[in-house]
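Since the model is a prediction, treat every value here as computed from it, not as a measurement.
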Amino acid sequence: QTCALPICRLTVGQLALTVSGVSGANQTYNGTTSDSLSGTAGLSSNYISGDHVTLTGSGVGTLASENAGSEGVTVSGYGITGSDAGNYSFSQPSVSSVTIAQEAITLKANDQNQTYGSVALGSTAITVTSGAIQSGDSLTGATLTAADINTLGLSGSGNLNVGSWGITPSSATGTGGFGSTNYAIT
């Protein structure tokens, strides 16, 4: 820039500040985009010693999606205050992606009584015995298959012989975020 004597101008720009010391937290699928941040937040170390600048707020982590897998985290909620805060531009911290693990659930077929020659197990007689279906998700059914646990075999007509059979659930289906992406189903 050219200046005309005797006056020239100097423009002083703000110094960039951000938050350091926080990271996203790995978690198990819970059906939400909320991520609890870990670490202790502090201002980046490039502020000028002696300036009155204080970090304010509480960090809030928001996942790119609620699904299991590697997800990006956006942080918000922090700010700065103090008599020298106007000398600084402030930005929220950038944190690495986190891992969302699948929610482990175990399914058990409910007991049923059937009549020889007309076994129809349906698809909804199942119960979650461990783990939890998260809010907003629902289990709507599974393939139920008779398992010959007592070596009863089939009749000449191909029907299940009379006796006690096991029932094995597989291929569970549902709504919301329910599925093999978000749930490890056994």
Side-chain angles (χ1 to χ4, degrees), residues 19-41 57-78 92-186:
V19 176
S20 62
V22 294
S23 60
N26 294 336
Q27 62 187 21
T28 299
Y29 172 76
N30 62 17
T32 73
T33 58
S34 185
D35 186 60
S36 51
L37 301 173
S38 62
T40 302
S58 296
V60 175
T62 303
L63 300 168
S65 92
E66 71 274 4
N67 294 319
S70 179
E71 295 293 342
V73 181
T74 301
V75 178
S76 61
Y78 291 113
Q92 300 296 323
S94 176
V95 298
S96 298
S97 293
V98 298
T99 299
I100 310 302
Q102 294 173 311
E103 169 71 16
I105 59 171
T106 302
L107 302 180
K108 177 188 176 295
N110 298 340
D111 292 341
Q112 297 186 35
N113 293 314
Q114 300 282 326
T115 303
Y116 171 77
S118 63
V119 173
L121 298 175
S123 62
T124 59
I126 48 179
T127 303
V128 176
T129 59
S130 70
I133 305 295
Q134 300 301 315
S135 179
D137 298 348
S138 66
L139 170 64
T140 57
T143 301
L144 301 177
T145 307
D148 193 356
I149 59 173
N150 292 313
T151 318
L152 299 170
L154 300 176
S155 68
S157 62
N159 287 298
L160 305 178
N161 282 325
V162 172
S164 290
W165 289 73
I167 304 173
T168 305
S170 63
S171 302
T173 59
T175 61
F178 187 85
S180 60
T181 301
N182 295 322
Y183 293 91
I185 304 168
T186 56

Heavy atoms only: give me the nearest [X]-[Y] pair and the separation to one decimal.
X	Y	result
A68	Y29	N-CD1, 4.2 Å
L152	N161	O-ND2, 2.8 Å
I100	T28	CG2-C, 4.1 Å
A109	I167	CB-CG2, 3.4 Å
D148	G153	OD2-N, 2.7 Å
S138	T175	OG-OG1, 2.5 Å

Heavy-atom side-chain contact between [X] and [Y] under 4.5 Å:
X	Y	value
Q27	D35	yes
I105	L139	no
L160	L154	yes
V19	V75	no
E103	N30	no
T33	E66	yes
D137	Y183	yes

Any donor-acceptor N or O pair under 3.5 Å, side chains S170, T143: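 Looking only at side-chain atoms, T143 and S170 do not form any donor-acceptor pair under 3.5 Å.
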Exercise: do T173 and T140 side chains pair donor with acceptor under 3.5 Å: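 Yes, a side-chain donor-acceptor pair sits under 3.5 Å.
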Set of residues satisfying side-chain hydrogen bond (donor to acceptor under 3.5 Å, both in side chains) with respect to E71, sequence neighbours excluded: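 Per chain and number, E71 pairs via side-chain hydrogen bond (donor to acceptor under 3.5 Å, both in side chains) with S65.
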Passing option when P169 is tested against T145, T106, L107, L121 for side chain to side chain contact (heavy atoms under 4.5 Å, CB included): L107
